[in-house]
Amino acid sequence: MVAVLCSEDAERVTRKNNLSFPELLRPFCRLTSEGHLRDPNNQVVVVKGLRISVTGINTRPPQSPELHRLLSQAVSVCQPPEGSPANVITAGDYDLNISATTPWFETYRENFLQSMPASEHEFLNHYLACMLVVSSREAVPTEQFLKLSQEQHRIQHSGEYTHPKWFIPNTLKYYVLLHDISEGDEQRADSVYEDMKQRYGTQGCYLLKINSRSGSTGADEQMPDPWSQYLHKTSIHNPELYEEYAVSNAVENNIGAEEDGLDPSIRDGVSETPPLQLDHPTDAGYPGNDASQSVNNVDETRPQKQASGTSHTSPTPRGTCLTLNDHDHIRQFIQEFTFRGFLPHIEKNIRQLNDQLVSRKGLSRSLFSATKKLFGGGKVPEKSIAELKNTAGLLYPSEAPELQIRKMADLCFLVQHYELAYNCYHTAKKDFLSDQAMLYAAGALEMAAVAAFLQSGAPRPYPAHYMDTAIQTYRDVCKNMLLAERCCLLSAEILKSQVKFSDAATLLIKMTSEDSDLRSALLLEQAAHCFINMRSPMVRKFAFHMILAGHRFSKAGQKRHALRCYSQALQVYKGKGWTLAEDHINFTIGRQSFTLRQPENAVAAFRHILINDSKQSAGQQAAFLREYLYVYKSMSQLSGDGSLPQLPLPCLHSSQTRVFFGHERRLAEGEKQAATHVSLEQEFDRDLSQLWRELEERVVSVANRGTVPITFQPSQCCLNSQTDNLRYPLAVVEEPIIVEVVFRNPLKVPLALSALSLLWKFTLKGFSDPQGGTTALKDIIDTQVIPEFTISPEETKVARLKLLPHKTGELHVLGVVYNLGTGEVGNSEGDLVCVRGQQNLEIQGPRLNMTKEEKTSVGYGPDRRLDPIITPPMPLLEVFFINFPTGLLSGEIRKAWVEFVNVSAVPLTGLRVGSTHPEFFTFGSATSDLTPVTPTAAEHCSAYKTVAMPPSVATVSLVSPAVFGVTSSDQLVVTEIPLSRGVLGPGEALQIPLWLRGPDQEGVHEINFLFYYESTEKTAKLSHRVLRHTAFICTSRSLSVRATASRSNTLHGRERETEEQQEAEEKNGSMLVFVDVENINTSEASVREFHIVQVSSSSRQWRLHKTNHNSENKITNYKHSKLASRERGKLCFKATRCRTEEATSDAAEKYTFADLNLGNEQIVSSTTPCADFFFRRGLHSEARRGGMSAGGASQMQRKSLTPQSGTDDGGTSIVKKCSEVELDIIVLWKAYVVEDNKQLILEGQLHVALQTIGKESCSLSQKEETQEMVLLKFKPDVPPPVSKPSLEQLSHLIKTCLHYPESYDHPFPQKSLCTVPVTLTLSNCSLAQVDVIVDLRHKTTSPESLEVHGSFSWLGQTQYKLQLQGQEVYRLFLKACFFQAGVYNLGTPRVFAKLAQTSAMCETSQQSAMPALIIINSI
């Protein structure tokens, strides 16, 4: 340490360069060449890289509060430079981005060490020499030197000054003559210098020549400025900067919530210093060199780089009068002073101190020869700190030998003689401990440890326990935290250099305390860096201590450093499930960022807290939300650019957004029931959607004459994530668009949204200027605003927002706009914590997975549900159902009414109805009687057309299916509604009747109606519109009808008028039809009884008759047709083929309806609604399968019972026709029902289709068995075998009938043999030739029949072989021979038949006829 004392003229010379004399020398104080001196043992000591610390003699150490403020300011100014290389550390799953250096800590350390005040117990920062500087322009320079020498002597020895402190009484005085070349007389200066050399000696004085130029500004720019990195103005010496710092500090204190520490520093600015270099003891990093200077003085030796951020004004140019030669002069002057004056002075003092110690201690040899004796023997056990008395206040006199040892040790340390220094420190330490001078002992321990570390070759290990003892002594005994902190900083650097990071971290953490938040923050941060720099990085400890450091930085007012610490710690906690810790870090980052006027970072941090599923308590979440809203509001006020910010709350589920096109339907009024159509309340069903699409496609196909247009686009009134949204949806002008947005509140506190509306962009048709959704554009689109929308805690809630377009064009819904508030009840600051913002509706389309490129990459298609095209006006239909039932009996017929209303301003046309259940309803045929014309008049009328008719008469009528609209399957599914003039005008309504029939199967049936209509304007972008209706009908049981057809076994008993007439009727054939009716209704309370009122038949070939019997032999009583619950009745009818005269030329496609009424009223079954439902029978299953064919009355053709597999040999179809019957039975009934104490009469009809003779048919279709799983086949199937007629089918080829008298009288006593003539009639039922064998030899073998009937014989030929042509009737005349009276069965002949062209293998016994009994009486 070297002091400087200048005269006024000398100061004036240096001030030309805006520098004081110590500042002028500072860049040149580090020596580049080596110095040498000899120790007391006469050994040469090499001094490398020595740096002289030159300061003004009037330097004062700072007081403690001032020191704290300056350190805080130095740390605050030093921030990590932007763009500095980051140190990425990978530890396990973590990739941490950490600052490579910590210049703020190094700045703090350097400032702290340099600001240490000089103390009595150590001498490293005491002055060793003093430069006396006088200008050559003085009148008598020698007198001025004398004055300065006397002043220095007075300062050191008068006792008036406690500072500065001097190393030894005999301070080196070095006389410097300063010559200004630009102004002074050089010859006079040289003569004065010669005089000085005579007076002070060549090693004690020097002539320094500077200011070689007058300071021209042109050359100033090219001259280097070595002073800039060493000098800087602190806030004390820069009033403007300090004022800004104070204002910034006041603002931060007003905004921040944790302002309880020291003052923060200037916001912007970076200052860097090189790290501590312990292997260069005279570097700025060691306090013994230049630490006595005060930071509050312009004299500073701490290296500093002037940051661009701190220079608020243009920097003052320095050294403007100096040339490079002047720089060399100064550098040479420092070398001369050091090598010729300073080092010899130190060497002389070391020898003197050594001699004094040897003489005072009475040692026979020098201290160096006695080293082994002093240190080599057994060590005296040291007392622990707890056992020592508190003698920290003990002071030694300056001449005490203990202090002389310490002085000698410090001098040796300064000149890098570390071995001798260590020995001296060790000796002093023992003396101090023996005297219990703990402050002195701690200082000796501290320096002994440093000296031991710096010894070259490391002859002894670093004694870390010395440092620990010193720190504990400073802190606990001496209560001097400054010295303890200095000791800790030195020891930590030594431990880190030895890669002992764990020990260094432990030491740093121990030094944290409550007395200084800034020191604790810096030490905790360094401890965190120690944890992360270990061989196995301790990531979580790093993060935890960074959090602690950030907290202490915040308390110390270092907001920027606190923010940096929290941000680095967040890298560890983020996304690892530490939700509470993550919330705390983000909350703190948000606050600090807001305090530092970084609103974007603050908003991002608070947003992260709110959007994640937080585990915080409700109160904590409410606090987070209030803070967030306050920050958001402040940010929006600061930005002021008018753009709405993106809000994070509530969570917006964009993909669940639904869009509905269409107006709100009118609700049901009284008996009127509105069509259900599509609403937002309905859940989306993919299968149901596909069903509606197919139904619409079928209706469009019918409307376009059997073809579907290429531009066909199925109507989608409600779009969601599961619908096809690849195309732009079409909306209609003046019809609302409802967007359903799904919000979710993730917090445990309610959210209050207000002024909620949609954000949209609209392009008018023919224009391209986008328009935003503002109130000035109400004439384009009306935007609905929801004034209040509250979302409860953790609730998912939907908001339905409406837009009403008034112009055509392209609409784009961008998002939602709303005010966000806390939603707390009784919140007095509700108007303050409420911000206006928006959220965008961004919907990702479906994943593309069609082509190979799309499958191998990840790409998404567009989703256009929020981008509708507004089209010109279109008609709008509303449909109402009147008296529409919700429950029906199976087969019940009910008459209802349907009303069509055009609620738009555009006429509609082409009204059609399609349904998945066409068999359920009918609008009647075009020729049907529509009376009564109103629903009120039809309340008590029958749904059927009835006429008065006695039961004995059967009515027959011919009807074509085309009359009832049955020409093709699609036209049956799709019905056209006739309109007056083909148009339904704006505001017009149309009412027409509708007949319904209860489905055959019981249960709840879902029946879908699709109403299709078009605009009269064919150029419309929308080709058509549809209206959907879904009805649910609950069906309960009514009757079960079973029917069986049997061949008639006998001919009519009455005589035929002619043989031809009889043969013709037999050719036509006849059957017996048995109808079995059972009441299977289970509701005995409501349904009392069923009446069978009529049985009708419908067929193209057959008609039904009542069976004619004599009154005394009647087996069927038609009057008793009432069936109570669980009762069953059987009816018998005769069926005959239609006469040829009834079948005209076009009768092939006509159906014959025969009505057999059992009462006095006949229901005309060939009219609406009976015939309608007959022709619509059996459509449901086929329509559901989609098995509709495009042309021909395919539904009218019977399905073959035998599957058509393989090739048909022609015989199968011939044989099949023998047993096939195309006859439908219609059973019409009435039911008497009690409902609400009123008796109602219900009516209905059931259908039974007879298809095969002898096979029972039922009105209730049997449930289809589930198809079994089919195994995969990798080989072609074997071709199916040739189909052959079954035995059952072959048994129906021939019908047989026996004609004989019922009784025969024969006189057996006169004549023992009785012969009776019998005629066997054979009828060919097929159209092909049949070979017949009749065997009369057959006898019954069952003993039961022999017991009942007697035995007889046939006479004459007993076996016949015949060939019958198609439908030929052949008679065989036989004779039966009886031996005695009795009852005999003549039905024993056996008949075999086969087709003429087939082999005999097909010969099959024909079905045996019923018993033919004859009574033989004996007379």
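The basis for the numbers below is simple: all heavy atoms, side chains too, and nothing from hydrogens, waters or symmetry mates.
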Could you tell me whether the side chain of [X] and the main chain of [Y] form a donor-acceptor pair under 3.5 Å?
{"X": "H584", "Y": "L580", "result": "no"}
{"X": "W227", "Y": "E23", "result": "yes"}
{"X": "S593", "Y": "G590", "result": "no"}
{"X": "H561", "Y": "V75", "result": "yes"}

Are the charged groups of [X] and [Y] less than 4.0 angstrom apart, N to O?
{"X": "E493", "Y": "R109", "result": "yes"}
{"X": "E627", "Y": "K633", "result": "no"}
{"X": "R406", "Y": "E122", "result": "yes"}

Write down the atom of [X], the atom of [Y], and the distance for their closest heavy-atom approach.
{"X": "I471", "Y": "C488", "result": "CD1-CA, 3.8 Å"}
{"X": "Y108", "Y": "L71", "result": "CE1-CD1, 3.7 Å"}
{"X": "C530", "Y": "A505", "result": "CB-CB, 3.8 Å"}
{"X": "A470", "Y": "A442", "result": "CB-O, 3.6 Å"}
{"X": "L67", "Y": "S115", "result": "CD1-CB, 3.4 Å"}
{"X": "Q571", "Y": "D95", "result": "OE1-O, 4.1 Å"}

Within the 6.0 Å centroid threshold, strictly below: [X] and [Y]:
{"X": "Y418", "Y": "F413", "value": "yes"}
{"X": "Y630", "Y": "F594", "value": "yes"}
{"X": "F531", "Y": "F542", "value": "no"}

Self-check item: Under the side chain to side chain contact (heavy atoms under 4.5 Å, CB included) test, residues paired with S513 that sit two or more places apart
Solution: M481, D515, R519
Quiz item: Do the ring planes of W166 and Y127 sit parallel (below 30°), tilted (30 to 60°) or perpendicular (above 60°)?
Solution: tilted
Practice problem: Over 60° means perpendicular and under 30° means parallel, so classify the ring planes of F167 and H126, tilted if in between. | Solution: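 Ring orientation, 0 to 90° scale: perpendicular.
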Would you say the side chains of [X] and [Y] form a donor-acceptor pair under 3.5 Å?
{"X": "Y474", "Y": "E446", "result": "yes"}
{"X": "Q558", "Y": "S72", "result": "yes"}
{"X": "D410", "Y": "Y425", "result": "yes"}
{"X": "S491", "Y": "Y462", "result": "yes"}

Exercise. Decide ring-ring contact (aromatic ring centres under 6.0 Å, His included) for F624 and F587; before the verdict, give the C-alpha distance in whole Å, the side-chain angles of both, and the deciding distance to 0.1 Å.
Key: CA-CA 7 Å; F624 287 164; F587 180 71; 4.8 Å; yes
Exercise. Could you give me the CA-CA distance, side-chain angles and deciding distance for E525 and R564, then say whether salt bridge (charged side-chain N to carboxylate O under 4.0 Å, His left out) is met?
Key: CA-CA 11 Å; E525 183 185 13; R564 176 183 47 76; 2.6 Å; yes
Exercise. Using the salt bridge (charged side-chain N to carboxylate O under 4.0 Å, His left out) rule, take E120 and K165 through it: C-alpha gap first, then chi angles, then the decisive distance, then the call.
Key: CA-CA 9 Å; E120 298 293 341; K165 294 190 178 297; 2.6 Å; yes
